[in-house]
Amino acid sequence: MSFNAFALANRNTRGLRAYDPGHDLPALRRRFGTQLAELGSNENVFGPSPQALAAITRASAEVLRYPDPRGASLKQALASRLGVASEGIALGNGSHELLILLAQCFADATTSVVFSQFGFAVFPIATAVAGAQAIEVKALPGDHPQAPFGHDLDAIAQAVRADTRLVYLANPNNPTASWFADEELQRFLERIPQTTLVVVDEAYREFVDANVGQGALPMLARFPNLVVTRTFSKAHALAGLRVGYLIAHAQVVEVIERLRESFNVNLLGLAAAEASLGDQSWLDSVCAQTREERGWLRAQLQARGYNALPSQTNFLLLDLARDARELEAHLFNRGVIVRPMGGYGLAHTVRISVGTRSENLRLLEALP
Ligand SMILES: *Cc1c(COP(=O)(O)O)cnc(C)c1O
């Protein structure tokens, strides 16, 4: 008998597949140099706050030490910025880790987890790792006027059962760029029993237009079963440092803390995130630039006959109504990296991160 680790993997891990980065980006950077437009991963192309970069340089002298296992200083800064108690915050190695930890801490083989079709890819992975039953709810149709391919909150509420321990929502959602209004979320929460945690992933919150509302945070006081996750990877442009956080009832945080790896957020990340929070004018400016480019790029794409769905994020989803691999390959050969969404069951779409104006122009020139 030859060694076979696949057969040894436990039931929960057996059905999973490793993350597919799409392309070998280090090799592409060598091939295309500065001519490469990396519009595949929803990073903030305007870059981090200079204050965050200065904090990283200062903190680098300390890297022989373990980071603060409580992340007390960053939590304090988040608490005062968000107007919540420090006890209601948990820090993660990216919000990805927190999404997984929530399932590991609250779900198991006797429970179910509900999420939407075309929801964020981590939701089904978290569910599988916990051994829970996944209940995927059909998304809204692609021609829905407000939220094409978006979350159907009515159907999601109906899918929640007595054994449902978690519901994962993303608002706005990746990859559909769809979102729902505060009033819709409030009505949804009113229908969900307190035995089910409702996780609202707000990774793209900072990019949302002012008139779209405030999101889930103000509802925490009323709904103890509400959990909000956010990240420094997108608007704060610190994706490479891996810092995310969740805001929840203090008891939810206490449970998470039992399993959280003691030093999950690294020392440079803690320092950079805290400094970035202190530079609100920079954050406002990159988010305003992103919104402006998003609107401009969408209009340019529409003018060329492409169906770019409405977005409150830093990316656009193009619905080609035919297999998108050909377009992806065409752009790839011209040094423009976008993300085909076949893995999400949206093989007729590509996701394009909003770039700088020059990157967006390069994309437009490269389009057939
Ligand atoms: C990018 C993204 C995240 C953030 O992941 P991190 O682990 O914090 O980098 C979370 N949720 C969604 C929907 C995302 O697109």
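Remember, it's 1-based here, ligands and their atoms both numbered in the order they're listed. This is a predicted model, so every value here is computed, not measured.
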Exercise. With a 4.5 Å heavy-atom cut-off, do Arg351 and Asn174 have their side chains touching?
Worked result: yes

Exercise. Are the aromatic rings of Phe115 and Phe120 close, with centres under 6.0 Å apart?
Worked result: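 They do not qualify: ring centres at least 6.0 Å apart.
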
Exercise. Is the distance between the ring centroids of Phe149 and His348 under 6.0 Å?
Worked result: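 For Phe149 and His348, the ring centres are under 6.0 Å apart.
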
For this session: Name all residues meeting the ring-ring contact (aromatic ring centres under 6.0 Å, His included) criterion together with Phe232; count only those two or more places apart in sequence or in a different chain, and write none if there are none.
Result: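 If we apply the ring-ring contact (aromatic ring centres under 6.0 Å, His included) test to Phe232, skipping adjacent residues, the hits are His236, Tyr245.
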
Problem set entry | Contact residues of ligand 1, where a non-hydrogen atom lies under 4.0 Å away | Gly94, Ser95, His96, Phe120, Asn174, Asp201, Ala203, Tyr204, Thr231, Ser233, Lys234, Arg242

Seminar exercise, completed: Applied to residues 77-96, the ring pair (Phe, Tyr, Trp, His ring centres under 6.0 Å) test, sequence neighbours excluded, yields none

Side-chain donor/acceptor pairs under 3.5 Å, residues 16-23, sequence neighbours excluded:
residue, atom, partner, partner atom, Å
Asp20, OD1, Gly22, N, 2.9
His23, NE2, Glu328, OE2, 2.8

